[in-house]
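Notes follow the structure.
In what follows, every heavy atom counts, from backbone to side chain, and hydrogens, waters and symmetry copies are set aside. Position 1 is the first residue of the sequence; numbering continues from there.
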Amino acid sequence: MSRTFAILCLLATVSAGAQTVLPDPTRPPAGLQAAGAASAQEVPDALVLQSVLMGPGRTPAAVISGRLVALGDTVGDARLARITAHSVQLHGAQGTTTLTLVPEGQKTSRPSKWSPGK
């Protein structure tokens with residue numbers, strides 16, 4: 001009799017527990033999840049030049065949209081064809097694309113204090 005009662009109690013507890021969905025305590029609030037999903041959709045698909053790596057004894061490279069690309073390597077369907085101190089040129093099926101570190105309207109220049117002869 002007590003064994004049957006224990007089995008019935010166990011079944012009642014399991015079925016009640018199966019209907020209750022416990023929230024994940026580590027999950028961010030619903031409002032933050034919606035904001036995060038919206039901002040993730042706003043990331044542009046355009047390539048962005050982030051850094052240029054040049055120097056004696058090394059293969060010129062650039063960081064484009066977070067990826068290190070050496071001269072001659074490909075980014076998507078375009079090949080990195082030229083690297084200067086402030087820009088890169090990509091050649092692809094859609095033609096030549098130039099990416100610059102700083103947009104043309106925001107460039108400022110100062111005279112350099114460094115001289116190779118000093």
Side-chain angles (χ1 to χ4, degrees):
M1 171 80 173
S2 66
R3 187 174 197 185
T4 305
F5 180 72
I7 291 173
L8 288 176
C9 287
L10 180 63
L11 288 175
T13 304
V14 169
S15 71
Q19 294 176 359
T20 304
V21 177
L22 297 175
D24 182 359
T26 62
R27 191 173 193 157
L32 291 177
Q33 289 177 344
S39 65
Q41 294 173 353
E42 296 173 4
V43 175
D45 292 333
L47 297 174
V48 177
L49 177 62
Q50 296 171 308
S51 180
V52 173
L53 308 169
M54 299 172 59
R58 70 169 296 154
T59 302
V63 177
I64 300 172
S65 298
R67 183 175 155 225
L68 179 64
V69 182
L71 185 65
D73 286 351
T74 58
V75 178
D77 61 346
R79 183 179 55 85
L80 181 57
R82 184 171 184 242
I83 299 176
T84 67
H86 303 286
S87 66
V88 298
Q89 282 188 348
L90 300 169
H91 292 190
Q94 298 180 359
T96 300
T97 302
T98 301
L99 305 175
T100 58
L101 283 172
V102 180
E104 288 293 326
Q106 298 178 2
K107 286 185 179 178
T108 59
S109 63
R110 289 188 280 179
S112 176
K113 295 180 181 178
W114 181 79
S115 173
K118 290 185 178 180

Quiz item: Between atom CG of L71 and atom CZ of R79, what is the distance when rounded to the nearest 0.5 Å?
Solution: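 Result: 8.0 Å between the selected atoms.
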
Least distance between heavy atoms, [X] atom then [Y] atom:
{"X": "Q50", "Y": "G66", "result": "OE1-N, 2.5 Å"}
{"X": "T98", "Y": "S87", "result": "CG2-CB, 4.2 Å"}
{"X": "P60", "Y": "M54", "result": "CB-CG, 4.4 Å"}
{"X": "A46", "Y": "S65", "result": "O-OG, 4.0 Å"}

Does CZ belonging to R82 count more than 12 external heavy atoms closer than 6.0 Å?
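Counting other residues, nucleotides and ligands, CZ of R82 stays at 12 neighbours or fewer.
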
**Prompt:** Are V69 and V63 connected in the hydrophobic side-chain network, where two residues link if heavy atoms are under 4.5 Å apart?
**Reply:** no

query = If you group Ile, Leu, Val, Met, Phe, Trp and Tyr by side-chain heavy-atom gaps below 4.5 Å, do L101 and I83 land in one group?
reply =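 Yes; tracing contacts between hydrophobic side chains, which count when under 4.5 Å, links both residues.
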
Check whether any side-chain heavy atom of D73 lies under 4.5 Å from a side-chain heavy atom of L80, and answer yes or no. no

Next on the checklist: Quick check: do L53 and L68 have side-chain heavy atoms less than 4.5 Å from each other?
Outcome noted: yes

Please assess L90 against I64 for the test side-chain contact (heavy atoms from CB on, under 4.5 Å), listing each intermediate value before the final yes or no.
CA-CA 11 Å; L90 300 169; I64 300 172; 4.3 Å; yes

